[in-house]
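Worth saying up front: this structure is predicted, and the values here are computed from it rather than measured. Order of the sequence lines fixes the chain letters, A, B, ..., with proteins taken first and strands second; residue numbering starts at 1 for each chain.
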Amino acid sequence: MAMRNTLMSFLSRRTSTTTIPTLQNPILGCRCYCSPPSTASNNTLFVGGLSWSVDEKSLKDAFSSFGEVTEVKIIYDKDSGRSRGFGFIHYLKEDDAVSAKDAMDGKALLGRPLRISFAFEKARGGPVVVPRLSNTADGASDDA
DNA sequence: GATGAGCGT
């Protein structure tokens with residue numbers, strides 16, 4: 001008497017985040033999207049209103065208290081060399097990013113109020129997802 | 001000697 005877990009095999013296969021993009025479901029007949037459209041905000045935070053003298057380590061030091069910061073970047077101007085006054089903060093978890101945003105948004109750093117928002121999914125190796133514009137049904141049926 | 005909404009030199 002030997003029990004075979006063959007049926008249990010493909011029932012427990014849900015730990016793979018790297019699904020094969022070329023595989024399609026013959027039943028549903030649709031592709032498997034790795035990025036659900038429900039996530040309008042990832043663990044990337046957009047920080048604006050920065051002073052033109054703020055460094056990345058200053059933001060790292062100010063935002064690492066709310067969660068585990070994995071990446072901090074401030075955008076500088078390549079023409080003038082000065083900071084553009086905004087930057088990005090990557091958190092390990094989105095929950096920490098929300099906490100940091102909720103805690104630091106509206107506060108001031110180096111004498112200037114901060115404007116924090118969730119950043120768009122900027123490449124870093126992936127496709128760009130843009131928020132849909134005001135998709136109001138104005139009578140234009142442009143569905144493909 | 002500049003300036004101040006935004007989304008990646």
If you assign S51(A) and S117(A) each to the DNA chain B nucleotide with the nearest heavy atom, which residue ends up on the more 5' nucleotide? S51(A)

Atom-to-atom span, NZ of K101(A) to P of dC7(B) - whole angstrom: 16 Å

Need one value for G49(A): base, sugar-phosphate or nothing, where a base atom within 4.0 Å counts as base even if backbone is also close, heavy atoms only. base

Is there aromatic stacking of F46(A) on dC7(B) here, judged by a ring-centre distance under 5.5 Å and a plane angle under 30°? yes

Distance in angstrom units between R82(A) CZ and dG6(B) P, rounded: 22 Å

Side-chain contact check for R115(A): nearest option of dA5(B), dT3(B), dG8(B) is dA5(B)

Quick one: does any side-chain atom of E56(A) pair with a main-chain N or O of K73(A) as donor and acceptor, under 3.5 Å? no

Ring-on-base stacking dC7(B) with F88(A) (under 5.5 Å, under 30°): no

Donor + acceptor pair across side chains of D102(A), S99(A) (<3.5 Å): no

Compare side-chain N and O positions of R84(A) against OP1 and OP2 of dT9(B) and report whether any pair is under 4.0 Å apart. no

Which nucleotide in the list dT9(B), dA2(B), dT3(B) gets nearest to the side chain of W52(A)? dT3(B)

Looking only at side-chain atoms of K78(A), point me to the closest of dT3(B), dT9(B), dC7(B). dT9(B)

For F46(A), run the ring-ring contact (aromatic ring centres under 6.0 Å, His included) check against F118(A), F120(A), F86(A) and tell me which one passes. F86(A)

Say whether T44(A) and H90(A), considering side chains only, have a donor N or O and an acceptor N or O under 3.5 Å apart. yes

Report the residue (R112(A) or I74(A)) whose heavy-atom-nearest nucleotide on DNA chain B is the more 5′ of the two. R112(A)

Take atom CD1 of I89(A) and atom P of dG6(B), then tell me their distance rounded to the nearest Å. 19 Å

Categorize L50(A) for me: base, sugar-phosphate, or nothing, with a 4.0 angstrom heavy-atom threshold over every strand shown. base

